[in-house]
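No experiment lies behind these values; they were computed from the predicted model shown.
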Amino acid sequence: MQRTILFAALLAAAGQAAAEKADVYKPTQITCRSCDANSLTRSFMVAGGVELTRGTLTISADGGRVEESPEGYQRILLQAEPGKKVRFRQKADGPGERWMEGEADRVEYDDRSAMVKLMSKAKVRRTLGGLQTEEAEGEYIAYDSRTEEFSLRNTSTGEDRPGGGRNTITLQSKRKAQP
């Protein structure tokens with residue numbers, strides 16, 4: 001718990017920039033090899049080189065499911081084949097070219113809460129102007145794209161268990177060497 005609070009505080013100090021606000025009003029485009037859709041339940045099973053794009057948000061995976069609520073909120077559950085990763089990338093509001101990107105064996109994105117959950121061998125990085133500023137690695141990373149807060153846990157289920165794995169957080173120094 002202390003690691004999560006420390007990491008959130010460090011990210012807050014580094015400057016807030018929420019995910020691109022206009023993305024929520026953009027259409028979601030999914031390209032894939034195959035899709036089984038149910039128009040009544042608004043659920044879509046997708047497979048084969050899945051590419052999902054919504055504004056600046058892009059997610060690539062091997063397969064998964066997209067569900068849409070009656071209110072229009074989407075829940076996206078994507079997974080990778082063994083040895084591969086699901087990857088996501090999204091531009092953040094704010095000055096400069098700010099991007100958040102990540103990868104894991106499985107990714108869940110909930111449009112209503114703006115939460116991205118990365119499970120099993122997860123990694124998230126923030127870049128500014130093409131340079132990496134922060135990186136987090138662990139078995140489970142929950143990322144709130146509205147507030148840019150992270151939670152890291154040492155199991156892929158999102159639980160924190162004694163004796164489980166370890167999380168790693170890397171912050172790049174903003175200070176320059178003195179001549």
Check this for me: does any side-chain nitrogen of one of Arg54 and Asp111 sit under 4.0 Å from a carboxylate oxygen of the other?
yes
Salt bridge (charged side-chain N to carboxylate O under 4.0 Å, His left out) filter on Lys121, not counting sequence neighbours, yields Asp105
side-chain contact (heavy atoms from CB on, under 4.5 Å) between Leu128 and Glu97, worked out:
CA-CA 6 Å; Leu128 174 59; Glu97 282 292 309; 5.9 Å; no
Side chain to side chain donor-acceptor pair (under 3.5 Å) filter on Ser113, not counting sequence neighbours, yields none
Can you name the nearest heavy-atom pair linking Thr127 to Gly130, along with the distance?
CB-C, 4.5 Å
Once rounded to the nearest 0.5 Å, what's the spacing between atom OG1 of Thr133 and atom CE of Met100?
7.5 Å
Check for a donor-acceptor pair, side chain of Thr56 on one end and backbone N or O of Lys91 on the other, with a separation under 3.5 Å.
yes
Could you walk me through whether Val124 and Leu118 pass the side-chain contact (heavy atoms from CB on, under 4.5 Å) test, one step at a time?
CA-CA 9 Å; Val124 174; Leu118 298 98; 3.8 Å; yes
Could you measure the distance from the CZ atom of Arg87 to the OG1 atom of Thr58? Nearest 0.5 Å is fine.
11.5 Å
What one should report as the nearest heavy-atom pair of Met119 and Tyr140 is CG-CD1, 3.5 Å
Lys/Arg cation over aromatic Trp99: Arg126, 6.0 Å, 45° cone:
no
How many angstroms lie between NZ in Lys123 and CD in Glu101, if you round to the nearest 0.5 Å?
10.5 Å
How about Val107 and Val116: do any of their side-chain heavy atoms sit closer than 4.5 Å?
yes
Run the side-chain contact (heavy atoms from CB on, under 4.5 Å) test on Glu51 and Ser60 for me, step by step, so that the C-alpha distance in whole Å, both residues' side-chain angles and the decisive distance to 0.1 Å come before the verdict.
CA-CA 5 Å; Glu51 296 289 334; Ser60 59; 3.2 Å; yes
Please examine the side chains of Phe150 and Asp144, heavy atoms only from C-beta on, and report whether any two atoms are closer than 4.5 Å.
no
With side chains defined as the heavy atoms from C-beta onward, is the minimum distance between Cys35 and Met45 less than 4.5 Å?
no
Spacing of Lys117 atom NZ and Tyr143 atom OH [to the nearest 0.5 Å]
15.5 Å
Salt bridge Arg75-Glu108, side-chain N to carboxylate O under 4.0 Å
yes
What is the distance from atom CG of Asn167 to atom CG of Asp160, rounded to the nearest 0.5 Å?
8.0 Å
Least distance between heavy atoms, Leu152 atom then Ala136 atom:
CD2-CB, 3.9 Å
Could Arg125 and Glu137 be called an ion pair, given the rule that one side-chain N must be under 4.0 Å from one carboxylate O?
no
What's the spacing between Thr155 OG1 and Arg153 CZ if we round to 0.5 Å?
9.0 Å
Which atom of Ser156 lies closest to which atom of Ser120, heavy atoms considered
CB-N, 3.8 Å
Non-hydrogen atoms of Ser34 and Cys32 that approach each other most closely
O-SG, 3.2 Å
Start with the C-alpha distance between Leu78 and Ile59, add both sets of side-chain angles, then the distance that settles side-chain contact (heavy atoms from CB on, under 4.5 Å), and finish with yes or no.
CA-CA 9 Å; Leu78 298 170; Ile59 305 174; 3.3 Å; yes
Are Leu77 and Glu67 side-chain neighbours, meaning at least one heavy-atom pair lies under 4.5 Å?
yes
Considering only NZ, NE, NH1 and NH2 on the basic side and carboxylate oxygens on the acidic side, decide whether Glu103 and Lys85 come within less than 4.0 Å.
no
Do Asp62 and Val50 have side chains that get closer than 4.5 Å, going by heavy atoms?
no
Any donor-acceptor N/O pair, Asn154 side chain to Arg161 backbone, under 3.5 Å
yes
Spell out, yes or no, whether Ile30 and Phe88 are grouped together once hydrophobic residues are joined by side-chain heavy atoms under 4.5 Å, including indirect joins.
yes
